[in-house]
Amino acid sequence: MSQSLQKQIPLTERGHRVFDMVRKFARGAQEIEISLISTTGEYLRFGNNELGQSQFTKNRTLSVRLSSGKKQARTTTGRLEESFIQKAVEKAVSQLKTSPEDPDYLPMLEQQSYQTVSRYHTRTVEESAETKAGYVGRAIERARDNKLLASGVLGTSVDEGLIINTSGLESHYRGTGGYFSLTMDADNGNQTGYALSTFADITELDARKVSETALERAKLNKAQTEVQPGKFDVVIDPHAWSEMLFFFIVSASAGYSPDFGTRQYKEGRSYLSGRIGEKIMGENVILEDDVYHPLQMGPPFDGEGYPKSKLTLVENGELRSLASSRISAHRYQDAKATGHELPLPNPLGETPTNLVIRGKGPTKTTEDLVEELDKGLLLTRLWYIREVEPRTKTLTGMTRDGTFLVENGEIKRPVKNLRFNQSLLELFNNIEKFTEPVRNTSFTGAAVLEPGVLAKDFNFTSVSPF
Amino acid sequence: MNSTKDLGEQLAKVCLETASRDNATYADIRLVNTVIETVSMINENPASEESNDLGAGIRVLYQNTGWGFASTDEVDPENIRETTRKALSLARGAAKIGSKITLAKEPTHVASWESPRKKDSLTVPTETKFEVLKDATGRMKAEGVVARRGQIISTKIEKYFANSEGSRIYQDIAQTGAQIVVAAKGPSGIQRRSEQQYALEGYELIDGMDLPGKAPAMTKEVLELTRAQGLKEGRSDVIISADQLGLQVHESCGHPIELDRVLGYEANFAGRSFLTPDQLGKLQYGSEHVNIVMDATLAHGQGLGTFAYDDEGVESQRKYAIRKGKFVGYLMSRGTSQSVGEPRSNGCMRADTYQLPIIRMTNVSLEPGDWDYDELIEDTKDGILMVANYGWSIDQKRYNFQFNCEKGYRIKNGSLEGMIMGPGYSGITPEFWNACDAVCNEKSWTLWGTPNCGKGQPQQVMGTGHGASPSRFRNIRVFGAS
């Protein structure tokens with residue numbers, strides 16, 4: 001079975017039929033927007049050397065936004081039959097009458113033109129479950145041969161979205177994605193190794209390499225000894241720290257609110273408020289939001305259909321710009337829309353969605369970075385990261401699945417897992433060398449391109465018993 | 001006539017006949033109809049959304065060896081037949097790399113159940129909810145305040161379950177929740193105060209929370225926090241408030257007793273557990289004051305982990321995980337219970353509409369002890385009171401944890417003194433729970449709702465319940481935000 005076996009009316013055709021129905025029922029609304037999203041996924045999930053949790057999922061969501069004056073309302077339904085659409089629209093009409101006015105409401109967007117992105121790969125869609133099960137089977141075989149247990153997931157997905165409104169906007173996106181995440185372990189996780197690969201086109205996937213990386217790390221990561229917590233120079237694998245970077249752009253202090261948006265910045269909700277032009281990290285770090293990067297994923301437009309611009313958020317260590325939107329451009333004289341709005345109404349504010357973090361100058365491989373580390377730790381995976389303090393962006397979290405002591409450029413021995421309490425801004429100030437960025441999928445599902453790094457003085461505060 | 005139930009009966013017949021015809025060992029189907037209304041205010045900006053979703057998840061076991069699962073939002077007989085075949089196809093593939101699966105016996109249940117609610121939250125006008133939030137966030141306005149947030153979430157889940165053994169179960173579940181947050185900026189950066197509760201209740205929960213009434217005191221506190229002292233690193237006795245301790249139970253007890261992670265099925269993401277089967281009945285997990293139950297029954301309270309039947313048709317139950325400090329039980333499923341010698345699952349399989357059921361927490365709660373809260377404070381000579389969670393982190397086997405709180409107070413000679421900004425504590429799970437020497441009684445016990453527990457690949461989000469009362473722990477590592 002493959003994801004292409006579904007009988008489907010093209011989403012754009014279905015979207016227009018749905019839009020006509022919505023218009024029919026949206027009595028009293030001055031403006032109408034629909035967004036139709038379709039997601040299918042196939043996940044071969046395995047644990048204990050068994051393929052035990054395979055699943056195929058398919059669902060579509062219709063979201064309707066109506067407005068009248070400065071009032072707006074949104075309803076969403078998973079049913080596309082006329083009677084259910086009618087019910088959803090009538091609910092929105094009823095809410096529209098009683099909703100408070102939104103002081104930031106702007107008329108809906110007219111038709112836009114977008115830079116083309118090509119992110120739909122038929123090979124990902126058509127790859128058979130048997131072939132994918134073969135990749136998993138070979139990983140399990142390698143684990144068994146080495147008296148290890150394999151667990152993980154090989155997932156592929158197809159995402160398609162369409163926005164249409166009464167001002168003439170029509171925005172359509174279709175893309176594929178996937179990932180192979182693999183752990184090999186033994187002795188109740190006391191011996192363990194991890195590897196991850198993400199892809200848009202499944203032919204990019206080197207399943208053998210994923211298996212061999214997890215296996216090699218698991219073989220090395222056995223009979224760990226303790227090191228005393230304290231400051232260590234570290235090499236962080238490029239796949240190890242996407243969760244950490246999520247907290248760079250989102251703060252817990254204002255109730256999990258994005259930080260790099262103009263509205264939050266101006267309202268003082270962001271930890272970056274008042275710091276444009278300030279050096280916030282090392283001069284060798286470049287932070288961009290670039291949906292057009294060849295490794296990036298997702299549509300070239302935002303939640304209201306506005307075209308996304310490439311942003312240089314941090315350059316030469318200096319905070320240069322912020323994600324913005326039509327609302328901010330309307331509110332603030334010095335802001336212009338950049339295409340980083342979330343679906344409206346959105347009281348949270350704007351956020352970058354396609355982060356690219358890279359270093360200035362020539363890059364190295366992770367192996368090079370290890371060779372250039374005199375004494376320190378190689379971190380292959382960081383886990384369960386949360387904000388401790390927003391001003392310095394101090395985060396806490398754990399290492400897992402392979403932490404190695406490196407001396408004179410060689411891995412000497414595995415060490416027990418460590419907890420860190422580390423300021424992210426300080427870490428960005430202490431990076432000496434970078435690898436090329438790789439595509440990671442953070443736990444929110446947004447794509448982040450991030451490099452591996454060699455950094456000084458990473459702060460570990462306690463040790464786990466394993 | 002109930003349409004979700006009627007449709008469920010019709011589709012179950014199609015699914016189970018298809019599975020049987022194609023030689024499935026076992027099959028079940030869940031038809032889930034979910035309505036969620038979210039009403040929010042951030043500063044002056046309102047937002048509301050109501051979503052309605054209806055979908056089916058079908059699980060098939062083939063040759064007692066391979067599971068397959070498929071879901072669809074096209075809930076007509078033809079698509080259900082097709083989706084059942086997709087699940088079967090995956091099950092056949094899994095059977096090639098699987099080992100024998102034995103499902104623990106469960107009586108056949110034919111039942112309907114409606115969760116209690118006094119006032120249906122979805123029929124309370126959206127306008128009323130906006131008024132409550134505008135009132136609450138309006139009362140947070142003050143010099144230095146940078147974010148005023150409020151949210152009310154009303155959920156109704158209708159679920160029809162049928163399996164090839166004859167169970168036919170309809171459940172109608174109402175959940176309501178709210179959160180308010182105020183953040184202020186001062187010399188110590190941005191500080192936060194928040195209040196939230198989520199429960200198996202109707203709008204009476206929101207009426208009882210009195211969000212506007214709480215807002216002024218929270219605002220005063222957050223402004224005080226921006227000028228408050230931090231906490232120096234060291235060791236101290238701590239009293240942990242009920243809400244924070246509920247999350248501590250979730251992370252350091254609820255997760256490590258999930259039997260699927262113990263058996264290695266979650267090793268790649270959620271992780272494993274230090275509570276291995278050889279420790280069952282032997283490990284002194286905590287002190288004699290520590291009693292933790294896994295209880296999905298209504299008798300335990302109206303929590304997010306309360307239901308009549310789980311998502312593989314097992315009746316809700318109450319069991320001990322920790323009794324007088326000793327580790328005695330796991331959260332289990334029909335496919336795992338026999339691996340630890342239990343003949344019956346204790347009913348912990350849960351899922352969202354489109355994903356495979358996995359073992360999840362129900363209500364995992366610390367039972368109340370004997371102490372009055374005031375007496376506990378009076379009895380503490382030198383300590384720290386930790387209140388309201390800010391951040392939480394724990395290693396993948398659930399040993400090494402760190403929690404940060406929004407606020408704290410010094411306790412000196414039995415009295416609360418100055419407020420502390422961002423206090424934190426950390427430790428190793430069994431050492432921490434063995435340091436517990438006092439648990440407050442039922443007068444200060446609350447069943448808290450945790451609406452956002454993540455597990456599985458792709459990740460599923462589930463609501464869980466955690467009862468706790470303030471408790472004291474001796475000689476704990478404490479520290480503060482700088």
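Throughout, a chain's letter reflects where its sequence line sits, starting with A, and its residues are numbered from 1. Atom set for the values below is all heavy atoms of this structure, side chains included, hydrogens, waters and symmetry mates excluded.
For the residue pair B:T276 and A:N188, no side-chain donor N or O sits within less than 3.5 Å of a side-chain acceptor on the partner. Of the N and O atoms on the side chains of A:N421 and B:Q402, at least one donor lies less than 3.5 Å from an acceptor on the other residue. A:T75 and B:E50 form no side-chain donor-acceptor contact under 3.5 Å, judged by distance and modelled atom types alone. No hydrogens or angles considered: a donor-acceptor pair under 3.5 Å links the side chains of A:S464 and B:D395.
Although no hydrogens or angles enter the test, the distance criterion places a donor-acceptor pair under 3.5 Å between the side chain of A:W383 and the main chain of B:I394. Within the 3.5 Å criterion, the main-chain N or O of B:P187 finds a donor-acceptor partner in the side chain of A:R391. B:Y390 places a side-chain N or O within donor-acceptor distance of the main-chain N or O of A:S253, the cut-off being under 3.5 Å.
Contact tally against chain A (heavy-atom pairs below 4.5 Å) for B:I358, B:L356, B:T126: the top residue is B:L356. Top candidate by heavy-atom pairs under 4.5 Å with chain B, chosen from A:G47, A:A92, A:P347, is A:P347. Note: A:Y256 leads A:F46, A:Y256, A:Y105 in heavy-atom pairs under 4.5 Å with chain B. In terms of non-hydrogen atom pairs under 4.5 Å with chain B, the most contact-rich of A:V64, A:L80, A:T76, A:N346 is A:T76. Most heavy-atom pairs under 4.5 Å with chain B: of the set A:L44, A:V136, A:L182, this distinction falls to A:L182. The candidate from B:A183, B:S393, B:S51 with the greatest count of non-hydrogen atom pairs under 4.5 Å with chain A is B:S393. Chain B forms the most heavy-atom pairs under 4.5 Å with one residue out of A:E50, A:R419, A:Q53, and that residue is A:R419. With chain A as the partner, the residue from B:E266, B:Q191, B:K96 showing the most heavy-atom pairs under 4.5 Å is B:E266.
In summary, B:D53 and A:R79 do not engage in a salt bridge, as defined by a charged side-chain N under 4.0 Å from a carboxylate O. A salt bridge is defined here as a Lys NZ or Arg NE, NH1 or NH2 lying under 4.0 Å from an Asp or Glu carboxylate O, and A:E387 with B:R192 fails to meet this definition.
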- Under the side chain to side chain contact (heavy atoms under 4.5 Å, CB included) rule, what do A:R263 and B:N45 come out as? Steps first, then yes or no, please. CA-CA 11 Å; A:R263 303 211 283 279; B:N45 294 100; 5.9 Å; no
- Message: Run the salt bridge (Lys or Arg N to Asp or Glu O under 4.0 Å) test on B:E74 and A:R60 for me, step by step, so that the C-alpha distance in whole Å, both residues' side-chain angles and the decisive distance to 0.1 Å come before the verdict.
- Response: CA-CA 9 Å; B:E74 294 184 287; A:R60 295 151 308 162; 3.7 Å; yes
- Message: side chain to side chain contact (heavy atoms under 4.5 Å, CB included) for A:N417 and B:N400? Distances and angles first, verdict last.
- Response: CA-CA 9 Å; A:N417 287 302; B:N400 182 321; over 6 Å; no
- Message: Checking A:S181 against B:N268 for the side chain to side chain donor-acceptor pair (under 3.5 Å) test, could you report, in this order, the C-alpha distance in whole Å, the side-chain angles of both residues, the deciding distance, and whether it holds?
- Response: CA-CA 7 Å; A:S181 179; B:N268 179 243; 2.8 Å; yes
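Interface residue B:P458: backbone and side-chain heavy atoms are both found under 4.5 Å from chain A. Looking at A:Q264, there are no atoms closer than 4.5 Å to chain B (heavy atoms on both sides), in backbone or side chain. With a 4.5 angstrom heavy-atom cutoff, A:K87 touches chain B only via side-chain atoms. The part of A:D401 that comes within reach of chain B is its side chain, from C-beta onward, which places non-hydrogen atoms under 4.5 angstrom from that chain. If you measure heavy-atom distances from A:R400 to chain B, the contacts under 4.5 Å come from the side chain alone. Proximity to chain B (any heavy atom under 4.5 Å) is shown, for A:A88, by neither the backbone nor the side chain. For A:S423, no part sits under 4.5 Å from any heavy atom of chain B, backbone or side chain. Residue A:Q95 touches chain B through its side chain alone, counting heavy-atom pairs closer than 4.5 Å. With a 4.5 angstrom heavy-atom cutoff, A:S273 touches chain B via backbone and side-chain atoms both.
The aromatic rings of A:Y384 and B:W392 lie perpendicular to each other, with more than 60° between the two planes, well past the 30° mark.
Side-chain atoms of A:F56 and B:F69, non-hydrogen and from C-beta on, never get closer than 4.5 Å to each other. Looking at B:Q396 and A:R381, their side chains never come closer than 4.5 Å, going by heavy atoms from C-beta outward. Two residues are said to be in side-chain contact when any heavy atoms from C-beta on lie closer than 4.5 Å; A:S99 and B:E127 fail this criterion.
Residue-environment remark: NZ (A:K266) exceeds the threshold of 12 foreign heavy atoms within 6.0 Å.
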